[in-house]
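Everything numeric in this text was worked out from a predicted model, so none of it was measured.
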Protein chains: 2
Amino acid sequence: MKTVRKALSLLDLFSKSNPEFGLTALAQKAGLDKATTLRMLQAMKMHGFIEQDAKSRQYRLGAGLLRLARLREATVPVVDIIQPVLRRLAEKTGETAHAALLAGEALAAVAVANSSRSSRVNVEPGLQLPLHATASGIAFLAFAPPKVLDEALGRKFQRFTDMTATDPAEVRKLVEAAHINGVGTVDRGFEPDVVDIAAPLFDGLGHAQGALTVVTPISRMSLNVRHEHSALLIQAALDCARRMGTNPPVHFWSLNSEAFG
Amino acid sequence: MKTVRKALSLLDLFSKSNPEFGLTALAQKAGLDKATTLRMLQAMKMHGFIEQDAKSRQYRLGAGLLRLARLREATVPVVDIIQPVLRRLAEKTGETAHAALLAGEALAAVAVANSSRSSRVNVEPGLQLPLHATASGIAFLAFAPPKVLDEALGRKFQRFTDMTATDPAEVRKLVEAAHINGVGTVDRGFEPDVVDIAAPLFDGLGHAQGALTVVTPISRMSLNVRHEHSALLIQAALDCARRMGTNPPVHFWSLNSEAFG
DNA sequence: AAACTATGGTGATTATAATGAACCAAGAGC
DNA sequence: GCTCTTGGTTCATTATAATCACCATAGTTT
């Protein structure tokens with residue numbers, strides 16, 4: 001369904017910094033013909049995925065998305081479950097914590113609890129987290145079905161900082177380490193001066209469906225902090241799993257007791 | 001873009017009472033071929049709009065919707081816009097006011113402004129408001145797409161008080177009255193001793209996406225109060241529409257001037 | 001004010017992608 | 001062990017979406 005994929009990929013072009021587009025701009029950014037783009041937008045407009053400013057004729061995401069998101073949340077209330085866990089995580093670590101779930105080829109931040117410190121890492125809700133460059137992604141891949149991992153490793157990796165792991169072998173190493181530790185760590189791979197540590201969130205079959213992450217400014221990071229955050233993350237991930245009735249793989253449970261003494 | 005429309009209309013088949021489908025069931029309900037349906041689902045799965053239970057192979061709405069909804073909320077902050085309107089409504093009426101948006105098969109309260117009086121109706125944020133038993137629901141249905149109304153009237157209506165309207169014909173009457181008046185009224189249909197009056201909130205297509213409601217203890221309710229609240233609600237609803245850039249149906253505007261003199 | 005430019009939007013031809021009946025494989029129920 | 005149903009696949013046929021030149025309009029520049 002090439003057409004559907006193209007249409008949906010139009011939606012991915014919207015971001016917080018680029019919340020509205022004119023037809024021409026959107027078509028160009030998508031690499032599609034103007035007419036094609038227009039027709040797709042019209043189709044999505046009919047379903048409320050896109051709406052158009054009556055005056056400026058600019059296109060933006062539509063209110064229909066809210067409805068579907070609330071519906072999804074009504075049937076699978078993950079965010080409600082995760083939010084309090086996240087808040088406690090942010091309190092205990094003093095750093096910003098976020099939760100991300102798989103959405104297409106990347107993770108998407110769906111809940112954030114900001115650090116109370118004045119100097120902190122800010123995470124925008126809705127942020128796309130590439131699998132290879134973030135701890136969230138690594139933790140997710142470490143417990144994702146092998147097929148997903150292989151597919152991910154087959155894609156080409158964008159470089160975000162000079163410390164981004166762009167070599168598949170390198171990424172695989174990070175993933176393997178994360179599988180053993182239960183947490184993934186990425187040092188300044190996505191944003192400069194930020195270290196991520198993340199634990200996976202599981203679905204009913206014991207596969208990762210997302211990740212819980214603590215983001216720390218490099219200035220506050222140390223070996224001690226890292227161990228402490230790791231232990232807290234594993235507890236938090238187990239907590240989420242218990243509340244959602246999902247099943248982490250057996251070996252993940254054992255990490256809790258021996259946790260980084 | 002027939003293909004895109006068909007694909008998106010698949011998403012509209014999900015509801016709170018029908019949150020998951022097998023391939024065959026979904027294809028049948030959509031009136032599409034299995035193969036076609038499958039390909040569309042796969043395309044949407046790639047973008048996180050749909051996810052599939054790994055064990056049961058059932059399809060449900062995906063986490064990618066959460067991301068886009070968050071993004072939309074970041075660009076058009078509906079709740080932020082509604083809150084001050086609600087605040088003023090509560091001040092002017094002296095009663096608790098709340099806003100609710102469609103979430104599954106009921107409305108969900110997303111913002112509340114409590115009355116300052118000591119004797120007041122309390123509304124918990126997140127409260128589920130059934131469509132047939134609350135003014136919010138009636139006002140919503142009065143301006144919802146006909147398909148939504150018919151579907152709602154097809155469901156069984158739970159009784160909450162001895163004044164709850166549980167007969168579809170009775171509910172339809174309330175809805176029709178609400179369509180004419182611009183506001184829905186429910187007298188002790190959900191909680192005893194409480195009268196709700198509500199005006200619809202519109203989306204970009206001129207359909208209701210929720211409602212603005214004032215809840216009044218029966219002891220303070222009178223014909224005068226009712227007219228006054230109705231007029232204030234219509235003004236508030238129009239105010240919200242203007243601030244959000246959404247489009248109430250033309251005839252709704254006219255209610256403002258003649259408002260319950 | 002006239003000419004210019006960039007924008008959103010349209011229409012008919014052509015190339016492409018969607019379709020659907022028949023077909024498989026696998027699990028559930030008897 | 002057989003059957004029935006379900007998810008998923010295949011490939012010739014057919015309907016559909018991409019394309020490109022074009023139009024209308026609003027804002028700018030000269």
Side-chain angles (χ1 to χ4, degrees), chain A residues 1-14 18-62 75 102 104 145-148 150-151 203-207 209 247, chain B residues 1-14 18-62 75 204-205 245-247:
Chain A
M1 245 46 175
K2 211 169 169 181
T3 312
V4 176
R5 283 202 305 269
K6 275 191 247 181
L8 295 184
S9 70
L10 282 180
L11 296 173
D12 285 335
L13 299 176
F14 292 86
N18 258 343
E20 294 192 325
F21 290 94
L23 173 60
T24 309
L26 195 59
Q28 183 176 339
K29 187 153 181 174
L32 296 172
D33 189 88
K34 255 193 331 178
T36 302
T37 307
L38 176 67
R39 280 169 200 137
M40 287 174 172
L41 286 171
Q42 283 172 335
M44 293 198 282
K45 200 163 119 182
M46 286 181 202
H47 283 265
F49 281 73
I50 286 287
E51 59 186 34
Q52 188 175 23
D53 190 291
K55 192 175 67 186
S56 71
R57 311 257 80 190
Q58 296 254 302
Y59 294 94
R60 60 167 177 258
L61 295 177
T75 58
L102 183 62
K147 201 183 140 215
V148 172
D150 290 341
E151 198 180 274
D203 64 17
L205 262 89
H207 293 140
Q209 63 169 331
N247 308 303
Chain B
M1 244 46 170
K2 214 169 168 180
T3 312
V4 176
R5 284 201 304 267
K6 275 190 246 179
L8 296 184
S9 70
L10 282 180
L11 296 174
D12 285 334
L13 299 177
F14 292 87
N18 258 343
E20 294 192 326
F21 291 95
L23 172 60
T24 309
L26 195 59
Q28 183 176 338
K29 187 153 182 174
L32 296 172
D33 189 85
K34 255 192 334 176
T36 303
T37 307
L38 176 67
R39 284 186 284 250
M40 286 172 173
L41 286 170
Q42 283 172 334
M44 293 198 282
K45 201 164 119 182
M46 286 182 201
H47 284 265
F49 282 73
I50 287 287
E51 60 186 29
Q52 188 176 23
D53 190 290
K55 191 174 66 185
S56 71
R57 313 253 79 189
Q58 296 254 301
Y59 294 94
R60 59 166 176 259
L61 296 176
T75 59
L205 278 78
T246 58
N247 308 306

Exercise. Would you say D/dG8 has OP1 or OP2 under 4.0 Å from some side-chain N or O of B/Arg57?
Worked result: yes

Exercise. Touch check for A/Gln52, heavy atoms < 4.0 angstrom, all strands: base, sugar-phosphate only, or nothing?
Worked result: sugar-phosphate

Exercise. Which whole-number value in Å describes the distance from B/Gln58 CD to D/dG7 C1'?
Worked result: 11 Å

Exercise. Expressed in angstrom and rounded to an integer, what is the separation of B/Asp53 atom CG from D/dG8 atom P?
Worked result: 12 Å

For this session: Verify the contact: side-chain N or O of A/Gln42 to OP1 or OP2 of C/dG8, cut-off strictly under 4.0 Å; return yes or no.
Result: no

For this session: Report yes if the side chains of B/Leu8 and A/Leu8 come closer than 4.5 Å at any heavy-atom pair, otherwise no.
Result: yes

For this session: Name the residue closer to the 5' end of DNA chain C, choosing between A/Gly22 and A/Met1 according to the nucleotide with the nearest heavy atom.
Result: A/Gly22

Exercise. Atom CD of B/Glu20 to atom P of D/dG7: distance rounded to whole Å?
Worked result: 12 Å

For this session: Look at the aromatic rings of A/Phe49 and B/Phe49 and report parallel, tilted or perpendicular, splitting at 30° and 60°.
Result: tilted

Exercise. Do any side-chain nitrogens or oxygens of B/Tyr59 fall under 4.0 Å of OP1 or OP2 in D/dG8?
Worked result: yes

For this session: Can you tell me the distance, in whole Å, between the CZ atom of A/Arg5 and the P atom of D/dA18?
Result: 12 Å

For this session: Locate the shortest heavy-atom distance separating A/Thr3 from A/Met40; write the atom from each residue and the value.
Result: O-CE, 3.7 Å

Exercise. Which nucleotide in the list D/dT6, D/dT19, C/dG20 gets nearest to the side chain of A/Thr36?
Worked result: D/dT19

Exercise. Does any residue of residues 26-33 of chain B have a heavy atom under 4.0 Å from DNA chain C, and if so, which ones, in number order?
Worked result: B/Asp33

Seminar exercise, completed: Closest to the 5' end of DNA chain C, once A/Leu23 and A/Ala35 are matched to their nearest nucleotides, is A/Leu23

Problem set entry | Under 4.0 angstrom between A/Lys6 side-chain N/O and D/dA18 OP1 or OP2 | yes

Exercise. Tell me: NZ of B/Lys34 to P of D/dT5, nearest whole Å?
Worked result: 12 Å

For this session: Answer yes or no: side-chain N or O of B/Arg39 and base N or O of D/dG8 forming a donor-acceptor pair under 3.5 Å.
Result: no

Exercise. Within the structure, does a side-chain N or O atom of A/Thr3 lie under 4.0 Å from either OP1 or OP2 of C/dA17?
Worked result: no

Problem set entry | Side-chain touch A/Leu11/A/Leu61, heavy atoms, less than 4.5 angstrom | yes

Problem set entry | Rounded distance (Å) that lies between atom C1' of C/dA18 and atom CE of A/Met40 | 13 Å

For this session: Report yes if some heavy atom in the side chain of B/Leu10 is under 4.5 Å from a heavy atom in the side chain of B/Ile50; otherwise report no.
Result: no

Exercise. D/dG8 P sits how many Å from B/Ile50 CD1, rounded?
Worked result: 13 Å

Problem set entry | Heavy-atom pair with the smallest gap, counting every atom of A/Ala27 and A/Lys34 | CB-CA, 3.9 Å

Exercise. Is the backbone N or O of B/Arg57 less than 3.5 Å from a side-chain atom of B/Gln52, with the two atoms forming a donor-acceptor pair by type?
Worked result: yes

Exercise. Between C/dG11 atom P and A/Leu38 atom CG, what is the distance in whole Å?
Worked result: 11 Å

For this session: Please report the closest heavy-atom contact between B/Gly22 and B/Gln58, naming both atoms and the distance.
Result: N-NE2, 3.3 Å

